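Below is one structure, written out as structure tokens, with a few remarks after it.
Worth knowing before you read on, the calculation uses all heavy atoms, side chains too, and leaves out hydrogens, waters and symmetry mates. Numbered from 1 within each chain, the chains take letters A, B, ... in sequence-line order. Keep in mind that what you see is a predicted model, and the values were worked out from it rather than measured.
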Amino acid sequence: SQELEQSPQSLIVQEGKNLTINCTSSKTLYGLYWYKQKYGEGLIFLMMLQKGGEEKSHEKITAKLDEKKQQSSLHITASQPSHAGIYLCGADLPYNTDKLIFGTGTRLQVFP
Amino acid sequence: DAGITQSPRHKVTETGTPVTLRCHQTENHRYMYWYRQDPGHGLRLIHYSYGVKDTDKGEVSDGYSVSRSKTEDFLLTLESATSSQTSVYFCAISERERSGANVLTFGAGSRLTVL
């Protein structure tokens with residue numbers, strides 16, 4: 001079965017620092033989604049990547065999908081306290097695109 | 001606001017009792033999902049629905065059943081709750097039939113504690 005591994009599990013950074021979260025799949029990714037969850041709330045969609053080598057940015061967050069489509073990274077530039085939360089990657093299953101599976105999540109804390 | 005609500009938001013129950021969580025949407029989306037979120041496990045798919053009366057199992061479906069008699073409602077039932085089912089449950093709807101992409105919109109979650 002396909003699994004998504006995220007690293008690191010937890011991240012504590014000082015405000016203004018850059019950081020990267022990784023999402024690695026055991027199989028080729030056909031659709032990769034990044035979500036953010038604020039503590040105690042539901043998940044909010046950030047970005048979707050589908051093509052090898054694809055890169056998307058929104059404000060200070062950039063997501064990339066590698067050429068082999070087995071790893072994605074989420075990069076935050078000049079982190080702010082508003083970036084704190086849990087980041088999860090999700091992926092379509094290749095044999096059943098009705099289903100979306102998720103990684104274990106990365107908890108980000110940003111301190112002043 | 002995508003118009004997805006979960007109820008109840010919080011529930012405490014005892015082992016062996018039945019529990020039903022409700023997910024209601026106003027978007028007329030075909031696809032609906034139930035996930036549970038636990039520390040160290042991220043989100044795990046329990047069941048999903050691809051239309052009225054059309055449902056299928058996810059990764060962790062044992063001990064859970066679902067029903068979808070109307071497009072707008074997707075019910076998750078724990079027939080006999082166990083302590084291992086203490087979790088936060090999230091419902092989600094997908095816009096895939098409109099955009100082709102499986103972008104999910106999530107409800108606010110239902111926190112269930114089984115004593």
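- Within 6.0 Å of atom NZ in A:Lys36, more than 12 heavy atoms from other residues, nucleotides or ligands are found, so the atom counts as buried in its surroundings.
- With a 4.5 Å cut-off on non-hydrogen atoms, A:Gln37 touches chain B through its side chain but not through its backbone.
- Residues of residues 106-115 of chain B that come closer than 4.5 Å to chain A, counting heavy atoms only, are B:Phe106, B:Gly107, B:Ala108, ordered by residue number.
- Crowding of B:Glu14 atom CD: a count of heavy atoms from other residues, nucleotides or ligands under 6.0 Å not exceeding 12.
- Hydrophobic cluster membership differs between A:Met48 and A:Tyr87, with clusters built from Ile, Leu, Val, Met, Phe, Trp and Tyr side chains linked at under 4.5 angstrom.
- Residues B:Leu21 and B:Tyr35 do not share a hydrophobic cluster, defined by chaining ILVMFWY side chains whose heavy atoms lie under 4.5 Å apart.
- A continuous path of Ile, Leu, Val, Met, Phe, Trp and Tyr side chains, each step under 4.5 Å between heavy atoms, connects A:Ile76 with A:Leu11, placing both in one hydrophobic cluster.
- The environment of CD in A:Gln80 is crowded: more than 12 heavy-atom neighbours from other residues, nucleotides or ligands sit within 6.0 Å.
- A single hydrophobic cluster is not seen to contain both B:Ile93 and B:Tyr50; linkage of ILVMFWY side chains at heavy-atom distances under 4.5 Å, directly or through other members, places them apart.
- If you measure heavy-atom distances from B:Leu45 to chain A, the contacts under 4.5 Å come from the side chain alone.
- A:Trp34 and A:Val110 fall within the same hydrophobic cluster, defined by Ile, Leu, Val, Met, Phe, Trp and Tyr side-chain heavy atoms under 4.5 Å apart, directly or through other members.
- What you find for B:Tyr48 and A:Asp98 is that their closest heavy atoms are CE1-CB, 3.5 Å.
- Here the closest non-hydrogen pair linking A:Lys99 and B:Gly58 is NZ-CA, 4.5 Å.
- Note that CG of B:Leu43 and CD1 of A:Ile86 are 9.0 Å apart. Values are rounded to the nearest 0.5 Å.
- Partner of B:Leu104 under the side chain to side chain contact (heavy atoms under 4.5 Å, CB included) criterion, chosen from A:Phe45, A:Tyr35, A:Tyr33: A:Tyr35.
- Proximity of a side-chain donor or acceptor of B:Tyr33 to a complementary backbone N or O of A:Leu100 within less than 3.5 Å is not detected.
- Partners of A:Lys68 by salt bridge (charged side-chain N to carboxylate O under 4.0 Å, His left out), not counting sequence neighbours: none found.
- Proximity to chain B is limited to the side chain of A:Leu88, based on heavy atoms less than 4.5 angstrom apart.
- Residue with the most contacts toward chain B among A:Gly40, A:Gly105, A:Gly103: A:Gly103 (heavy-atom pairs, distance under 4.5 Å).
- Of all the listed residues (B:Gln37, B:His41, B:Arg96, B:Gln6), the one sharing the greatest number of non-hydrogen pairs under 4.5 Å with chain A is B:Arg96.
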